[in-house]
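Below is one structure; the comments refer to it alone.
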Amino acid sequence: MIVDNPNWWRGGVIYQIYPRSFFDSNNDGIGDLPGITGKLEYIASLGVDAVWLSPFFTSPMKDFGYDVSDYCDVDPIFGALSDFDELINKAHSLGLKVIIDQVLNHTSDQHLWFEESRKNHNNPKHDWYVWADAKPDGTAPNNWMSVFGGPAWHWDSRRCQYYLHNFLDSQPDLNFHNPDVVDALMDVLEFWLKRGVDGFRLDTANFFYHDLELKDNPPREEVLEGGIGVRPDNPYAFQLHLYDKSQPENIPFLQRIRALMDRYPNTTTVGEVGCDFSLKTMAEYTQGNDKLHMCYSFDLLTQDASMNHVRTTMETIENALGDGWPCWTIGNHDVNRVASRWSNNQPNTEQAKVFMAMLLTLRGSVCLYQGEELGLAEAELEFEDLVDPYGITFWPEFKGRDGCRTPLPWTNSENGGFSQGKPWLPVSDSHLPQAIQIQQNDKQSVMQAYTDFLFLRKEHPEFIEGDIEFLYNDEKVLVYTRTLNKVKTLIGVNTGEDSISIQLSDYLAKSATAEQLPLPSSLPSGELKGNQLILGKFSIVLASISK
């Protein structure tokens, strides 16, 4: 059973499950809750602390569950509430916590709340969504843009008004300035807490409130990576998003969520922050022990795989964080798989192991996306196979999110053992040789390296709770220490193909000595000779530092 530790999340490792693509138990081509339950032993065997389930709520699935039509029920394609209860019980029996997505910013346009709200101007829910009159010339109320392309306003002929949608026009934004909306959403959270969930991943956690005056966003001077929808082919990136999200009113709402969570011991929250000032917002949202427990941003979900970028990101957040806490991820259901994204589309299994070791030794909690433990690359799909509206809109410059959402390969057989029916997305032929069944029997596999390192990490409390200090970096190499009490461990990672030798005495105190720590054979090891750190192609070194 789970140890009663209220801070289990602090430095915890969370395995993200995309339910549609995890395992299909009834052979209809779509993964489901019983499929997850039946495979929880596999997840527990990896050595993670928790699972995060992407949305499984009732939905028309226009954005594959991120358009909720009933917050308090399970969509029939995934099962029933009783299946969820069984999943919770099984996970807890295996020592796994369960975190579920909560998509609070918006609902589906098929939610009963919206169906009532759009009827007229005087119904009980008339202001549960963000409605606004047209300008005198009939155009939208302001210049705000949708993440998925085009204006963030959609004309509704019933109300003869526009409604706000930061994403699809079938995902109207709730009006958080209405206290009845906030009360209803708090009831939703408590519904799931009473069913035994251990926490929430809050989708678009900085989007909840908007500027009441609907002021125009100013133009952005330079398009940079690092936020939701920030790509040079998307007009959303042309604005500095000062008024459509990250409003000061968000803070009291997050404090109210925290007060609720505090009534349910051992639970946690992790907020997704997609913001022009994401690291500052992460710090603000997690400081003071009265808001979110932790946040993650898109800063490590970009194309920039340089260790310069990693170090800058870490030092920036550390300087602002105070008593706050970050959560880091290098892959999820919204971005190309890291094995492709950070390798210039030339994935390498040994490099994937190095990316993993780096992620698992940074200061903060960690989210791992299903399939990362296999080293899966981005699946290549034909346009005819796409189902993601984001990718269909921006094809071919942006191929959308389907390539990271294809079903998990369990076996090297038809449909990867995922389903006996036709999968909702094709199983990539390139993934079959990396199937779980194959890697479980390979002592040098990426999966074995993940498992070995996750259990090694539990033997090093400094990796979980310790301070971090960066010593050296270039484009491909990062050297840093994690320190807890009197234990100081050095981590050196080389994510590139060129070997490098670093004289540690140039970076450590004069009296310090380094002693190399053994790594499991599944991990590509560099070498320590005296204080000379030798990092070969795609290699890792751990060393104990003493005075």
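In this text the structure is predicted, and so the values were computed from the model without any measurement. Only this structure's heavy atoms are used, side chains among them; waters, hydrogens and symmetry mates stay out.
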Cation-pi between Lys291 and Tyr285: NZ/CZ under 6.0 Å from ring centre and within 45° of the ring axis?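 No, a cation-pi geometry is absent between Lys291 and Tyr285.
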
Query raised in the report: Does the cation-pi check pass for Lys97 over Trp52, that is, NZ or CZ under 6.0 Å from the six-membered ring centre and within 45° of its axis?
Result: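 Cation-pi check for Lys97 and Trp52: fails.
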
Nearest-0.5 Å distance, CG of residue Asp299 to CG of residue Leu279 |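 Nearest 0.5 Å value for the CG-CG distance: 4.0 Å.
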
Residues 401-408 side chain polar contacts: donor-acceptor under 3.5 Å, at least two apart:
residue : atom : partner : partner atom : Å
Arg401  : NE   : Asp388  : OD1          : 3.4
Arg401  : NE   : Asp388  : OD2          : 2.9
Arg401  : NH1  : Asp334  : OD1          : 3.2
Arg401  : NH2  : Asp63   : OD1          : 3.0
Arg401  : NH2  : Asp388  : OD1          : 2.7
Asp402  : OD1  : Asp388  : N            : 3.4
Asp402  : OD2  : Val387  : N            : 2.8
Asp402  : OD2  : Asp388  : N            : 3.0
Arg405  : NE   : His333  : O            : 2.8
Arg405  : NH1  : Tyr18   : OH           : 3.3
Arg405  : NH2  : His333  : O            : 3.3
Arg405  : NH2  : Asp334  : OD1          : 3.3

| request: Can you run down the salt bridge (charged side-chain N to carboxylate O under 4.0 Å, His left out) pairs that involve residues 451-472, sequence neighbours left out, and say none if there aren't any? | output: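 Residue pairs with at least one partner in residues 451-472: Asp49-Lys458.
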
Could you tell me whether [X] and [Y] have a side-chain N and a carboxylate O separated by less than 4.0 Å?
{"X": "Lys90", "Y": "Glu86", "value": "no"}
{"X": "Arg341", "Y": "Glu378", "value": "no"}
{"X": "Lys476", "Y": "Asp474", "value": "no"}

Going by atom types only, do [X] and [Y] share a side-chain donor-acceptor pair under 3.5 Å?
{"X": "Glu380", "Y": "Ser428", "answer": "no"}
{"X": "Asp442", "Y": "Gln448", "answer": "no"}
{"X": "Tyr42", "Y": "Gln440", "answer": "no"}
{"X": "Asp304", "Y": "Ser306", "answer": "yes"}
{"X": "Ser365", "Y": "Trp325", "answer": "yes"}

Surrounding CG of Asp429 (heavy atoms of other residues, nucleotides or ligands, distance under 6.0 Å), is the total greater than 12?
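Check fails, neighbour count at 12 or below.
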
